[in-house]
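A short write-up of the structure that comes next.
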Amino acid sequence: EQVGLRKPTPVQEACIPPALQGRDCMGCAKTGSGKTAAFVLPILQKLSEDPYGIFCLVLTPTRELAYQIAEQFRVLGKPLGLKDCIIVGGMDMVSQALELSRKPHVVIATPGRLADHLRSSNTFSLQKIKFLVLDEADRLLEQGCTDFTQDLEVILAAVPAGRQTMLFSATLTDTLNELKRIAMNQPFFWESTSEVRTVEQLDQRYLLVPEKVKDAYLIHLVQTFQDEHEDWSIIIFTNTCKNCQILNMMLQKFNFPSVALHSMMKQKQRFAALAKFKSSIFKILIATDVAARGLDIPTVQVVINHNTPGLPKIYIHRVGRTARAGRHGIAITLVTQYDIHLVHAIEEQIKMKLQEFSAEEQAVLSILTQVNVVRRECEIKLEGTDFDEKKEINKRKQMILEGKDPDLEEQRKAELAKIRKKNAQFRTQVRQTLEDRRQLLLRRKLQKRARRRHHQQEKPKVAGEKGQDLTSSQAGRR
Ligand SMILES: Nc1ncnc2c1ncn2[C@@H]1O[C@H](COP(=O)(O)OP(=O)(O)OP(=O)(O)O)[C@@H](O)[C@H]1O
């Protein structure tokens, strides 16, 4: 009541009772439907009955999400004097180790950093935890650009088999079999019954645009929202860190209050950017998929997909950053001629059609040259910084963390590329030879046929009408 939660949402109503009975729980509910409180509340209830540390471990794929979940634990666990600890990458490891050794009730972590602690220190133990939560569980199990599976193995080996496991996401179903292996204690599976996989209050649109005019459309859309709405805030999703950086520079050149969020930023910058956006100091957040899942910012009314997501699942999470907890929102996806099949795949998954968004083409064309010039300027400015170099360094750091030698890996990559090139050349040669042979055979066949025809024409005709008829009908059959 103090925090204004008066009626449980369907996922809370369905999952809290079995969780309190001690059963493992898998909850698949739409974005913004209160999945976090669905695991935080029963855990706090059980903790209040038998408080000790470390009682619960929550794993989540991004650092920002870890802080957000910790905040929910703090708010709802305040009356219990809850002690929590956040273990994520990009932050000081020594102070984290110290915090872990003080036995907090709840540890909220990203898998990579927690596994690092488990590998390198013996000042804490997860052997007595009662609850293990995997938030965005499908993301933790899939092998995306960040692969958590090895770290998860380390963590699962460190927690007791008798713990209670809770798995949540808006997109659980395609990883269900793997999840069942993690939640084995009379697992209770709940999925919202609605066929459409996105929330009703979300207006989902697409805008078919030529690739080269995409940025101009984006600027036009943002301008329109700024002109038409007093209190507005937008998340723009794009596909790469570099694009994210460039778009942010572009929007700032056009005097829009924007901040970027991507994995090539320092962790402190990431938190600062998010804090500025959350407090509405900056109205526009440009992000990569690092912000696609879980972030709960009630003021977001608009999501713009600058690129069409390659996977329907990513689309569901991205557009789920608006229209949360019963609010309304709009999502506009910029679709180029090359992405139409992706939209069809999305529509098939979410079980509804996106509606076309109409934009004023003339207004877009009038800013096109200016937008393209600004993009080029921003690209040149970024090339002048060490952005690409940093990316390379980050890649090398990651390899070292994975126990690989970056130089050796590069050598291997170069060799692999050479082999691939050779193979491709060989394949082209084989294809060419086969084609030549096919052509040759065809030519021979045609020549043979021509010769035969010629031969038949030369044949002395049988006297009389009958012979003539026979020859012409044979020719016709042939
Ligand atoms: N019972 C409730 N009544 C009203 N609001 C609620 C209730 N439970 C949670 N909320 C609010 O709903 C919002 C969304 O909740 P939450 O972030 O847990 O969604 P989610 O289902 O985890 O979404 P996602 O799939 O995007 O991670 C939060 O701001 C939360 O405070």
Side-chain angles (χ1 to χ4, degrees), residues 3 5 7-51 53-62 65-80 82-87 104-111 114 126 129-141 152 155-156 159 162-172 175-176 179-180 182-192 293-296 317 320 324-325:
V3 293
L5 309 184
K7 196 172 162 286
T9 63
V11 63
Q12 293 163 1
E13 197 167 337
C15 295
I16 293 176
L20 288 173
Q21 284 161 16
R23 292 175 67 181
D24 283 358
C25 192
M26 291 184 253
C28 182
K30 292 179 186 180
T31 51
S33 61
K35 292 186 285 297
T36 319
F39 62 79
V40 171
L41 288 170
I43 290 171
L44 290 176
Q45 173 68 33
K46 289 286 175 187
L47 178 72
S48 72
E49 291 164 11
D50 177 19
I54 298 174
F55 184 81
C56 165
L57 169 65
V58 182
L59 297 175
T60 187
T62 68
L65 216 43
Y67 277 77
Q68 189 180 290
I69 294 168
E71 208 174 273
Q72 289 251 17
F73 266 107
R74 269 172 221 171
V75 171
L76 296 170
K78 195 150 194 275
L80 300 180
L82 181 92
K83 272 198 292 174
D84 68 87
C85 162
I86 304 169
I87 303 294
H105 297 120
V106 181
V107 174
I108 303 114
T110 48
L114 184 67
L126 297 175
I129 65 158
K130 271 265 163 62
F131 282 93
L132 170 68
V133 182
L134 268 61
D135 190 35
E136 307 295 345
D138 55 325
R139 174 66 194 93
L140 291 172
L141 290 179
L152 265 189
I155 296 166
L156 289 176
V159 296
R163 90 260 159 178
Q164 196 175 331
T165 310
M166 318 247 297
L167 312 169
F168 286 92
S169 176
T171 50
L172 269 188
T175 39
L176 215 56
L179 294 172
K180 278 182 184 154
I182 298 178
M184 291 184 298
N185 169 26
Q186 300 173 271
F188 169 83
F189 177 68
W190 187 82
E191 187 174 18
S192 57
R293 281 180 181 252
L295 289 186
D296 181 50
H317 287 281
R324 298 177 69 73

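No experiment lies behind these values; they were computed from the predicted model shown.
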For the pair Leu57 and Leu114, evaluate side chain to side chain contact (heavy atoms under 4.5 Å, CB included) and give the outcome as yes or no after the intermediate values.
CA-CA 10 Å; Leu57 169 65; Leu114 184 67; 3.7 Å; yes

May I have the step-by-step check of salt bridge (charged side-chain N to carboxylate O under 4.0 Å, His left out) for Asp296 and Lys35, ending in yes or no?
CA-CA 11 Å; Asp296 181 50; Lys35 292 186 285 297; over 6 Å; no

Quick one: closest heavy-atom pair of [X] and [Y], and the distance?
X: Thr60; Y: Pro111; answer: O-CD, 3.4 Å
X: Thr165; Y: Ile182; answer: OG1-O, 3.6 Å
X: Leu167; Y: Leu172; answer: O-CD1, 4.0 Å
X: Ile108; Y: Ala66; answer: CG2-O, 3.5 Å
X: Pro104; Y: Cys85; answer: CG-CB, 3.5 Å
X: Ala170; Y: Cys28; answer: O-SG, 3.8 Å

Are any side-chain N or O atoms of [X] and backbone N or O atoms of [Y], one a donor and one an acceptor, separated by less than 3.5 Å?
X: Arg324; Y: Gly320; result: yes
X: Asp24; Y: Asn185; result: yes
X: Gln164; Y: Arg23; result: yes
X: Lys83; Y: Val106; result: no

Approximate separation, where rounding is to 0.5 Å, of [X] [atom1] and [Y] [atom2]:
X: Trp190; Y: Gln12; atom1: CH2; atom2: CD; value: 10.0 Å
X: Arg139; Y: Ser169; atom1: CZ; atom2: OG; value: 11.0 Å
X: Glu13; Y: Lys7; atom1: CD; atom2: NZ; value: 6.5 Å
X: Leu76; Y: Leu44; atom1: CG; atom2: CG; value: 6.5 Å
X: Phe73; Y: Leu80; atom1: CZ; atom2: CG; value: 11.0 Å

Side-chain touch [X]/[Y], heavy atoms, less than 4.5 angstrom:
X: Ile69; Y: Asp135; result: yes
X: Met166; Y: Pro42; result: yes
X: Cys56; Y: Ile54; result: no
X: Cys25; Y: Phe39; result: no
X: Leu20; Y: Gln45; result: yes
X: Val133; Y: Leu59; result: no
X: Glu136; Y: Leu65; result: yes
X: Thr36; Y: Phe168; result: no

Trace of the side chain to side chain contact (heavy atoms under 4.5 Å, CB included) decision for Lys46 with Phe55:
CA-CA 9 Å; Lys46 289 286 175 187; Phe55 184 81; 3.9 Å; yes

Between Gln72 and Gln68, is any side-chain donor less than 3.5 angstrom from a side-chain acceptor?
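Note: Gln72 and Gln68 side chains miss the donor-acceptor criterion.
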
Would you say the side chains of His317 and Thr171 form a donor-acceptor pair under 3.5 Å?
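Judged by distance alone, the side chains do pair up.
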
Pair Phe188, Met26 - check side chain to side chain contact (heavy atoms under 4.5 Å, CB included), show working.
CA-CA 6 Å; Phe188 169 83; Met26 291 184 253; over 6 Å; no

What do the steps show when you test Thr110 against Ile87 for side chain to side chain contact (heavy atoms under 4.5 Å, CB included), and what is the final call?
CA-CA 7 Å; Thr110 48; Ile87 303 294; over 6 Å; no

Can you tell whether the side chains of Lys130 and Asp50 come within less than 4.0 Å, N to carboxylate O?
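Yes, Lys130 and Asp50 are salt-bridged.
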
